[in-house]
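Fair warning: this is a prediction, and the values are worked out from it, not measured in the lab.
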Amino acid sequence: TDYAKRPPNVQLSPGPYSASEKHRAEWFDQQAADLAGLVGVIPRAAFGKGGETVYDATIRDALQLKSDKFELSLPKTVMDGILREIKAKLDLRTDVVAEPYSLNVYQKGGKFAKHKDTPRGEDMMGTLVVCLPSWFTGGKMTVELGEESETYFENLEPRGYSWNPA
C-alpha cells in the first residue's frame, strides 16, 4: 500500500486472546510486517514548548499522524461504550464527544517525558487515550493529579481496545 498517497485506514485485529507462545509470536511478527509500511512514512512527533514546535527525541521519541492523515475503523459500539462510561464515571450531565486528534506510535524504546497536555479548544475536558489492539510489554502511562497517580497500559496483551481518560 502506498501510504504516502492516501490516508491509511487503521484496522488492527485484536489477535489471539489465549494462545500458545508460538502463536503469539507469529501474530506479533505478522502485526509488525503489516505495520512496517505505515511506520516507515509516519513523521516524527513534535511537542509544544513555550509557543514553539520542538523535535527532541530525549523528551518525546515517537511518530505521529494528525487526524486528517488517517482513518480509524473503531467500531461504533466500542466508542459509544467508552463515552458512556466516561460520562457515568465523571457524573456528567452533558454529552461527551471524542474527536480524533492524532495517531501516536511509540516503537521499542519510545517515550514521552512527563508533561501537561495543551488544551485544543475551550470546550476540551481532557485527552482520551485509546490503545489499539497490539502486543507489547512496558509502555506504561502514568497520569498524575496533585498527590494522586494512576498507571495504565502496562504489559498489555491484545484484549481488544483498551482506553483511559488522561
Set out, in order, the CA-CA distance, both residues' side-chain angles and the distance that settles side-chain contact (heavy atoms from CB on, under 4.5 Å) for Leu90 and Met125, then state yes or no. CA-CA 11 Å; Leu90 298 177; Met125 61 180 270; 3.3 Å; yes
Distance-minimising heavy-atom pair for Leu83 and Val96: CD1-O, 3.6 Å
Who pairs with Asp123 by salt bridge (Lys or Arg N to Asp or Glu O under 4.0 Å), at least two apart in sequence or on another chain? none
According to salt bridge (Lys or Arg N to Asp or Glu O under 4.0 Å), does anything in residues 92-109 pair up with another residue at least two apart or in another chain? List the pairs. Lys87-Asp95, Asp91-Arg93
For Lys49 and Val54, which heavy atoms make the closest approach, and how far apart are they? CB-CG2, 3.7 Å
Considering only heavy atoms from C-beta outward, does the side chain of Leu65 approach that of Pro43 to under 4.5 Å? yes
Contact summary for Ala62 and Tyr106, nearest pair of heavy atoms: CB-CE2, 3.2 Å
Who passes salt bridge (Lys or Arg N to Asp or Glu O under 4.0 Å) against Lys66, sequence neighbours left out? none
Applying ring pair (Phe, Tyr, Trp, His ring centres under 6.0 Å), can you list everything that pairs with Phe112, at least two apart in sequence or on another chain? His115
Please find the pair of heavy atoms, one from Arg60 and one from Ala46, that lie closest to each other, and give the distance. NH1-O, 2.8 Å
In terms of hydrophobic clusters joined by side-chain contacts under 4.5 Å, are Val78 and Leu128 together? yes
Nearest non-hydrogen partners of Asp56 and Arg44, listed with the distance: N-NH2, 4.0 Å
Is there a side-chain contact between Gln107 and Val39, using heavy atoms and a 4.5 Å cut-off? yes
If hydrophobic clusters are built by linking Ile, Leu, Val, Met, Phe, Trp and Tyr wherever their side-chain heavy atoms come under 4.5 Å apart, do Val105 and Phe47 end up in the same one? no
Under the side-chain contact (heavy atoms from CB on, under 4.5 Å) test, residues paired with Thr77 that sit two or more places apart: Pro75
Could you pull out the closest heavy-atom pair between Asp61 and Gly109, with the gap in Å? OD2-O, 4.0 Å
With sequence neighbours left out, the residues meeting side-chain hydrogen bond (donor to acceptor under 3.5 Å, both in side chains) with Glu144 are Lys114
Taking the side chain as every heavy atom from C-beta outward, state whether Leu63 and Asn104 have any atom pair closer than 4.5 Å. no
